[in-house]
Visitor: 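One structure, pasted below without further comment.
Just so you know, these numbers use all the heavy atoms, side chains as well, and skip hydrogens, waters and symmetry mates. In what follows, chains carry the letters A, B, and so on, assigned in the order in which the sequence lines appear, proteins first and then strands, with residues in each chain numbered from 1.
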Protein chains: 2
Amino acid sequence: MINPGTGVPVYRQLADLIRRPIETGQLRPGQRLRAEPDYMHEYGISRTSVRQAIAMLRSEGLITTTRRGSRVRVEQDIAEVVIGTDTRVTTRMPTAEERQMYGIAEGVPVFVVQRDGQDEPEILPGDRTALIGD
Amino acid sequence: MINPGTGVPVYRQLADLIRRPIETGQLRPGQRLRAEPDYMHEYGISRTSVRQAIAMLRSEGLITTTRRGSRVRVEQDIAEVVIGTDTRVTTRMPTAEERQMYGIAEGVPVFVVQRDGQDEPEILPGDRTALIGD
DNA sequence: ACGTATTTGTACGTATGTATC
DNA sequence: AGATACATACGTACAAATACG
């Protein structure tokens, strides 16, 4: 299943193996991935490589990880926000503090909404927001 | 400078130490961070911790890393895109293929622009795009 | 043109801590 | 209490890209 000599790093091969059932819907949102030792033993690879693969998927926003394991990220309810001509929106990754403050998972960006005449931009979680023009 | 027993992980303490001169402007966009061994020796910590700190800053979009070292991410020219009522915009992290295709750095999200009546959404790099309402 | 030094990337191993069930 | 699972952190070794003399 995983071949060390192919030029493709082991951790990437594993990431692709985990990605497949998620993208085909065999592993649905909310469902758990296998535990790190499972992947280690099944493919005969080190924990480092397993964790690197999982970290990659996490920073892509595909999964979330807690002390109880990793799960496919669940879709959130989306609030639609109307954007007028007086408004400029950019996107970026949140700081760790913003993640904490707004309850944002790793791998989820934020909208930065700057309205004319307001000093402070509004920060909107990227997994719970959609923008619509005015 | 770095204290192992404080409850704050070593790699986070280092990330904060690197973040400071960037946020205060002492280390400007395009300028190089020190090499991994420099941080190891200066703070007496392992390469694992140094790399974890740098990976964290990279996935926040604060720095970029090549084989020649890490640098503070440089601002790109920003194209403004007008969003009408017929358009819905979300944001997410790009896949590895999209990063490749559009030349997007790690830690940089994309806008997903879905216009009414069009099947395929448009993908716009988050570091080169701003949205304006109509 | 070539080798050398520098720097990051990949991958292994081990140990201990901590949250959760 | 005990088992499970992830988090942190140390170490080592070799590979690969890049820059430089």
Visitor: How many Å lie between CZ on A:Arg71 and C1' on C:dT20, as a whole number?
Guide: 12 Å
Visitor: Side chains of B:Arg71 and B:Thr64: any donor to acceptor distance under 3.5 Å?
Guide: no
Visitor: Would you say the side-chain atoms of A:Ser70 and A:Glu36 include a donor-acceptor pair closer than 3.5 Å?
Guide: no
Visitor: Rounded off to whole Å, could you give me the CG-to-P distance for the B:Leu33 and C:dT7 pair?
Guide: 13 Å
Visitor: Is atom CD of A:Glu80 surrounded by more than 12 heavy atoms (other residues, nucleotides or ligands) closer than 6.0 Å?
Guide: yes
Visitor: Would you say the side chains of A:Glu106 and A:Thr65 form a donor-acceptor pair under 3.5 Å?
Guide: no
Visitor: Can you find a side chain N or O atom of A:Arg47 that sits less than 4.0 Å from OP1 or OP2 on C:dC12?
Guide: no
Visitor: Of the nucleotides C:dG9, C:dA11, D:dC6, which one has an atom closest to the side chain of B:Thr65?
Guide: C:dG9
Visitor: When you match A:Arg68 and A:Pro9 each to their closest nucleotide on DNA chain C, which lands nearer the 5' end?
Guide: A:Pro9
Visitor: Please confirm whether the shortest side-chain N or O distance from B:Gln52 to OP1 or OP2 of D:dT8 is below 4.0 Å.
Guide: yes
Visitor: Rounded to whole Å, how long is the line connecting atom CZ of A:Arg32 with atom C1' of D:dA5?
Guide: 7 Å
Visitor: Rounded to the nearest Å, what distance is computed from the OH atom of residue A:Tyr39 to the C1' atom of nucleotide D:dA5?
Guide: 13 Å
Visitor: Which nucleotide, D:dA9, D:dA7, C:dT7, lies nearest any side-chain atom of A:Arg51?
Guide: D:dA7
Visitor: So which nucleotide does C:dA1 pair with, by the Watson-Crick or G-U wobble rule with both distances under 3.5 Å?
Guide: none
Visitor: What is the distance from OH of A:Tyr43 to P of C:dA11, rounded to the nearest Å?
Guide: 15 Å
Visitor: Report which part of the nucleic acid A:Pro4 touches: base, sugar-phosphate, or nothing (heavy-atom distance under 4.0 Å, all strands).
Guide: nothing
Visitor: Could you state the atom-to-atom distance from CZ of B:Arg34 to P of C:dT7 in whole Å?
Guide: 12 Å
Visitor: For A:Gln13 and A:Ser49, run side chain to side chain donor-acceptor pair (under 3.5 Å): C-alpha distance rounded to whole Å, both residues' side-chain angles, the deciding distance at 0.1 Å, then the answer.
Guide: CA-CA 10 Å; A:Gln13 293 185 48; A:Ser49 298; over 6 Å; no
Visitor: In whole angstrom, give the distance that lies between atom CZ of A:Arg12 and atom P of D:dA16.
Guide: 16 Å
Visitor: If you compare every side-chain N and O of B:Ser49 against the phosphate oxygens of D:dC10 (OP1, OP2), does one of them come in below 4.0 Å?
Guide: yes
Visitor: So, is A:Arg67 near the phosphate of D:dA7, with a side-chain N or O under 4.0 Å from OP1 or OP2?
Guide: no
Visitor: If each of A:Glu36 and B:Met40 is mapped to the nucleotide of DNA chain D with the nearest heavy atom, which maps nearer the 5' terminus, i.e. the 5' end?
Guide: A:Glu36
Visitor: Rounding to an integer number of Å, can you tell me how far B:Asp38 CG sits from C:dA5 C1'?
Guide: 14 Å
Visitor: Can you tell me if B:Tyr11 touches the phosphate of D:dT8, counting only side-chain N or O atoms and a distance under 4.0 Å to OP1 or OP2?
Guide: yes
